[in-house]
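Please read the structure below before turning to the comments.
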Amino acid sequence: MLFNFKKTVVAATTSTLLATGAFAGSHALSGDLVIFSDMSNPAPRAVMEGMIDRFGAMHPNLNIDLTVIDRENMKTQILNFTSANAPDLTNWYAANRMIPFVDAGLFEDVSDLWAEDEFVNNLASTKGALTLDGKQWGIPYTYYQWGVYYREDIFKELGLTEPTTWAEEKANCGKIVASGRACYTIGTKYLWTAGGWFDYVNLRTNGYDFHVQLANGEIAWTDPRVRQTFANWRELIDMGAFVENHQTYSWQESLPFIVNGDAAAILIGNFAVAPLREAGLSDDKLDFYQFVSINPDVAMAEDAPTDTFHIPSLAKNKENAKEFMRFVVSAENQTLINAGNALGQLPINAQSAVDDDEFLNQGFAMLSTNSPGGVAQFFDRDFPAEMAGIGMEGLQEFMVFPDNLEDILNRLETARADIY
Amino acid sequence: MSATTQHIKAKPLWNKQKLMPWLFLMPGILFFAIYVIFPIFQSFNISFYKWSGLGEPKYIGLKNYVKLFGDRAFEISLWNNLKWLVLYLLAIPTGLAIALFLNQTVTGIRLYKSLFFFPFVISQVVVGLVFTWFYDPTFGLLNTILTSLGFAPLNVLGDPTLVTYGIILAGLWPQTAYCMILYLTGLNTVDPDQVEAARLDGAKGLRMLWYIILPQLRPATFIAFVVTVIGALRSFDLVSIMTNGGPFGSSRVLSFYMFEKALSEYGFRMGYGAAIAVVLFAIMMVFIVYFLRAMYKQESEPR
Amino acid sequence: MFPKPIHRSAAHWQVFYQGMLPLVMILWLLPLIAVAIFSIKPAVDFTNGNYWGWPSSFEAVENYGKVFFASDMPQYLLNSIYITIPTVIGAVALSCMTGFALGVYKFKGNLLIFFFFVAGNFVPFQILMVPVRTLTLDMGLYNTKTGLVLFHIAFQTGFCTLFMRNFIRALPFELVEAARVEGVAEWRIFWFVVLPLVRPAIAALSVLVFTFIWNDYFWAIVLTQGVENTPVTSGITSFNGQYRAAYHLMSAGSIVAALPPVMMFFAMQKHFIAGLTLGSVK
C-alpha cells in the first residue's frame, strides 16, 4: 500500500471490538479493493483511514488501496473516473446529486443490499435519500444536523438567550451588532454556505413541501412566496448581521471570526464543531440552537445532509465493495466513526449509539422529535446540479447586493425554464 | 525486342533527399496531429452536440451558439477578456522601463536582473496564491499599506468592479518580467555606433529613446506583443486559483468559463463548453494569423 | 550604450542609483517576501492577528518539516519530476528531428508544415480539452503520468520545433554540404554534424520546457487526479484544501512548490534567457 495510515485513537480502541468477534459472519476477502474518498478534511480523513485499518484487519488477504481526493476537486473528478479506471467505491452525495450518474448508468444498483435484514431493520430513515426510480444507488455513512452554533459566553455577556421566534432572533442580533460584532460569520467563496441560509429561511417561511416543489422546478422564482423568503432574509442583511467580505472566504476561513469573537454565531453543519474545538472554543463557549421559527403556521423542517458511498458500475471488485458497505453501515462501525472525536456526526444505523456529545445530543433530539416538517438534503443536493450552481451564485450576489434581487430572480427564473 | 534496351538501375528513382525530411518529420507530426491538430477539429464537431460527457451525444446543430448569444455569463467573460487584452499590454512598456533601469554595469547588476526575472519562473498557481494573500481583506499587505497611509481598506477580490483588475495586476507581474528580459537582451544588440553618433548630435533622453533605440528594438517588441496577447487570452490559472470566477461570476474569462461549463460539478455540458472554446479559438486566430503573416514576410526575405 | 552609463554621470547620481536598486527590487518582490515571512511564523501569530509584526517565534523548521514529512507534498514533487523529465527528453528529441528536417531540407510544404507547428503552439488549451481528455480516457491513460507526458510532448513539439528550426537554419550550411559531398548518410549528418552544433539550443530548450511543464496547472487538473499521479501545481491546491486557513503551512507549501524551477533558473540562467528571446536577437 502506498499510504502511511496514521494510527488514530479510534483505531486503537477498536481492537477490543474485533477481539469480541463483533463481525462474525463475514468470510475473509481476498483480491483488491480500490477506494476513492473525498474525506480530505483532517478529522474525516482520519476516520476513513481508521475504517480501512479495521476492515483490513478483518480481511488480511485483501489489498485495500485508498486515494483521498480534495473534497472540492472530487466534484469535478468523479465525472472522469466513473467513466474510466473506476474505483470500487467512491464517496458522493445523496438525492438529486446522484441523478447524472444514475441516468448515465454509472452507479451500481445496490437495491439487493438494501433488501438485506440489516438495512431493512436499521437504515429505514435514510433510504429515501438514496432512492431514485424506486431503486437504491448507494449507502449512507453519516448524516449531520445543521443549525446555529453560537458563542455562549458572548450571549451571556450581552444578556441574551437562545431565540425561538423571528422577533427574538432580530432583537438578539440588534444587540450583538450594537456591541460591535457581527451576528453571523459565513464564508461564501464556494457558494454552498449561502444555500444553507436560503434553505432555512425558505423552510421556515414557506415550509418543507414548498421547498421541495421549488427544488423540483414546479414553482417560479418570481413567486411572491419566494420573494417573502428573500424579504425576511434581507432583514438580517440590512441589520449588518453578516461579516463583511464573506464572498472572499471559504467556510474554514470564516471560522476565525467566531473564534475571535468578531462574530457571535454561524449557521452551519456539525462538521464545523471539530475545527472550532481545535481552534480553542471549549464546550462552555460554544452552544447550539435550532434555527428559529419565522412563520408559526409552518412546521419546522431541517437540513440534514447525508454523505454516501457508491459503487461505480465499471468497478472491478463489486463483491468486495459490497462487503465494505456492509461493514460501513454496521452498528458498531457507525457508533465508532460518528463519535464526537471522530466525525462528530449522527449514525445512520438505528442500533448505533449517539456519542455523548453536547452537540450530537441536541442535534439528535432536534431531528428525531422537533422536525415534524421533514428533512431536506441541502440546497446543492435537492436542486438539480445546474439549477443549484446558478441558484447559489444568485444567493451569494443577493447577500452582497440585496438590491439586485429583481435581476437575480429573473435570472433564476430563466434558468428554471431552461433546465427543467 | 529484348528487354534490355535500357538498363534501368534496380534502385528506386526516389531521390533520397526527398524522402529523408519526411522520415525525420514523421514522429513529430504524428504526435502533433493526434494531440493538437485533430482535437481542434473534433472540438468544432462537438460544439454541434449536446453531451454531458456521460451518455450519448445528441446532435443539436447551432443551438449551442444561439444560446451563447443570450448568455449573460458569456457576455461578462467576453468583456473581461477585452479588459485582459488591453491592460495586459501594459507589461510591454513597463518591461521596457525596468529594462532601461537595469541596463547598467554596476556591481551586482546580474543578480538584480535575475531577481527581477523571478516572478516569471514561478508557477502561475503560486503567483495566484501570493496575490490572493496580498489582497486579503483581513491581513493582506495591500490593505495594511493602505490603512497605514490613511486610506480605506479594499476588498479587491470580493468586489465585482475591482476583481478583474486585481487579477490582471497579478498576471502583469510575471509578464512584465518576461518583457523585461526580452528588452534587456534587445538592448544589448543596439548598435553602439548609432548611439554615439546621435549623442554627438545632442540627442538624449526621450528623443534618443524614441528615434534611435525603439526602432532597433522592433523584433523584441514584436515577440513581446505576441506572447503578451496569447498570455492574456490564456489566463486560466490565475482566475481559477484566485477567485474561481467569482464573486458571482464577475471575474470569469472565456478560458475559465469553458472549463466550468464542460467539467464543473454543476453540470457537464461538453458541447456548450466546446462552443465557448471555438469562440475563444476564433479570437486567438486573428492574432495567430497576424503573427504568421509577419513571420512569412520575414521568411521571404533573402537569408 | 543606452541609457547613459551611470559611470559617466555625476557621483551623486551613481550613489542614488545604487541606493534605488535594492529598494525597487524589494518593492518588486514584495508579495513573495510577504509569503516567505508567513512561512516561518507560528500558527499562534495568525490566530492572534499578528500578521506583519515580528514573528513571535521562528518556526521555519517546523513549518517546512510539516510540509515535507506530514503531507503529500513529497509525492507531488516526485510526480512532477516523473512528468517533467520525460517530457523534456521527448519534446527536445522530436523537435531536433523536425527542426533538422525543416531547417536543412528544401521541399514543397516546408513552410506550411512549419506554420502548422507554430500556429498549433499558440492555440488556447480549451479548444483541445474535451477531445484530448476523451482520447486519453479511451487509451486507458487517464490519471496516469504517462497520459500527461504524452500530451505535453506532443504540444511542446510546436514551440520546440519553431526554436530548433530557426537555430538550425542559422548554422553554416556548408558543413552539411561538405558532409553530403563526402557521401555521408543523412541520418549520420543529423547525428554527428548537426546535433553537436545545436547543443546550446538543446540546453536552452530543456530548461524552458522544464519550466513550462513543471508550472503547468490546466492539464494537470484535466488529466490527473489524486495523490499518486498529480503534479505539484494541482497538488498544492489539495494541500491548501487540507490546511485551509493555516496560512503558515500554505505559504511554506507554496514556496516548496515554486522552488524547483527557480533553482533550475538560477543554475542555468544563460541558457534560459537565450531560449526566451527566441530569435529576436539574430
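Protein chains get the first letters and strands the later ones, always in sequence-line order, with residue 1 at the start of each. Computed from a predicted structure; not experimentally measured.
- Annotation for B:L141 and C:L30: closest pair CD2-CG, 3.6 Å, computed over non-hydrogen atoms.
- Only the side chain of B:I37 comes within less than 4.5 Å of a heavy atom of chain C; its backbone N, CA, C and O stay farther away.
- Panel note: side chain C:W214, backbone B:I122; no donor-acceptor pair is recorded below 3.5 Å.
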Please report the C-alpha distance between B:F139 and C:Y247 in whole Å, then the side-chain angles of each, then the deciding distance to 0.1 Å, and finally whether the ring pair (Phe, Tyr, Trp, His ring centres under 6.0 Å) criterion is met.
CA-CA 11 Å; B:F139 59 75; C:Y247 295 110; 4.6 Å; yes
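- At a 4.5 Å heavy-atom cutoff, the contact between B:T144 and chain C is made by side-chain atoms alone.
- For B:L129, the part lying near chain C is the side chain, with the backbone staying farther off; criterion is any non-hydrogen pair under 4.5 Å.
- How far CD of C:Q126 is from NZ of B:K261: 15.5 Å, rounded to the nearest 0.5 Å.
- Using a 4.5 Å cut-off between heavy atoms, B:V125 contacts chain C through its side chain alone, with no backbone atom that close.
- Contacts between C:L137 and chain B at a heavy-atom distance below 4.5 Å are absent for every atom of the residue.
- Only the side chain of C:L111 comes within contact range of chain B, with at least one heavy atom under 4.5 Å from a heavy atom of that chain.
- Interface residue C:S251: backbone and side-chain heavy atoms are both found under 4.5 Å from chain B.
- Within the 4.5 angstrom heavy-atom criterion, only side-chain atoms of B:S240, from C-beta onward, approach chain C.
- Using a 4.5 Å cut-off between heavy atoms, C:V123 contacts chain B through both its backbone and its side chain.
- Residue C:F265 comes nearest to B:S114 through the heavy atom pair CE2-O, 3.7 Å, listed as atom of the first residue, atom of the second, then distance.
- Interface residue B:W22: only side-chain heavy atoms are found under 4.5 Å from chain C.
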Can B:F118 and C:W28 be said to form a side chain to side chain contact (heavy atoms under 4.5 Å, CB included), step by step?
CA-CA 10 Å; B:F118 219 85; C:W28 181 247; 5.9 Å; no
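- For chain B, the nearby part of C:A34 is the side chain; its heavy atoms alone come within less than 4.5 Å.
- B:I109 touches chain C through its side chain: at least one heavy atom from C-beta onward sits under 4.5 Å away, while N, CA, C and O do not.
- With a 4.5 Å cut-off on non-hydrogen atoms, C:F155 touches chain B through its backbone and its side chain both.
- For B:F38, the CZ atom is loosely surrounded, since the number of other residues' heavy atoms within 6.0 Å does not exceed 12.
- Contact tally against chain C (heavy-atom pairs below 4.5 Å) for B:T221, B:I241, B:L233: the top residue is B:I241.
- Only the side chain of C:V118 comes within less than 4.5 Å of a heavy atom in chain B; its backbone stays farther off.
- Looking at C:F100, the atoms closer than 4.5 Å to chain B (heavy atoms on both sides) all sit in the side chain, from C-beta outward.
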Determine, stepwise, if the pair C:Q269 / B:F117 fulfils side chain to side chain contact (heavy atoms under 4.5 Å, CB included).
CA-CA 10 Å; C:Q269 264 176 76; B:F117 191 55; over 6 Å; no
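- Proximity to chain B involves both the backbone and the side chain of C:S254, based on heavy atoms less than 4.5 angstrom apart.
- With rounding to the nearest 0.5 Å, the separation of CE in C:M97 from CG in B:L23 is 10.0 Å.
- Shown here for C:G120 and B:V36, the closest heavy-atom pair between the two residues is O-CG1, 4.0 Å.
- Remark: side-chain polar atoms of C:N215 are not paired, donor with acceptor, to backbone N or O of B:Q124 under 3.5 angstrom.
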With side chain to side chain contact (heavy atoms under 4.5 Å, CB included) as the criterion, how do B:F31 and C:L150 come out once you've worked through the C-alpha distance, each side chain's angles and the decisive distance to 0.1 Å?
CA-CA 8 Å; B:F31 261 92; C:L150 285 181; 3.8 Å; yes
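- Judged purely by atom type and a 3.5 angstrom limit, C:T157 has no side-chain atom pairing as donor or acceptor with the backbone of B:G28.
- C:F190 touches chain B through its side chain: at least one heavy atom from C-beta onward sits under 4.5 Å away, while N, CA, C and O do not.
- For chain C, the nearby parts of B:I29 are the backbone and the side chain; heavy atoms of each come within less than 4.5 Å.
- If you measure heavy-atom distances from C:N110 to chain B, you find no contacts under 4.5 Å at all.
- The minimum heavy-atom distance between B:L280 and C:P124, with the atom names listed, is CD2-CB, 3.7 Å.
- For a residue to count as touching a neighbouring chain, one of its non-hydrogen atoms must lie under 4.5 Å from one of that chain's; by this rule B:F131 touches chain C with the side chain only.
- Between B:F32 and C:F116, the gap from one ring centroid to the other reaches at least 6.0 Å.
- With a threshold of 4.5 angstrom between heavy atoms, C:V232 does not approach chain B through any atom at all.
- Using a 4.5 Å cut-off between heavy atoms, C:L32 touches chain B through backbone and side chain atoms alike.
- The part of B:I288 that comes within reach of chain C is its side chain, from C-beta onward, which places non-hydrogen atoms under 4.5 angstrom from that chain.
- Using a 4.5 Å cut-off between heavy atoms, B:I98 touches chain C through its side chain atoms alone.
- Using a 4.5 Å cut-off between heavy atoms, C:L135 contacts chain B through its side chain alone, with no backbone atom that close.
- Of the atoms belonging to B:F236, it is side-chain heavy atoms, and not backbone ones, that fall under 4.5 Å from chain C.
- Both the backbone and the side chain of B:Y296 come within contact range of chain C, each with at least one heavy atom under 4.5 Å from a heavy atom of that chain.
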Walk me through whether B:M295 and C:L162 qualify under side chain to side chain contact (heavy atoms under 4.5 Å, CB included).
CA-CA 11 Å; B:M295 276 196 75; C:L162 163 66; 4.0 Å; yes
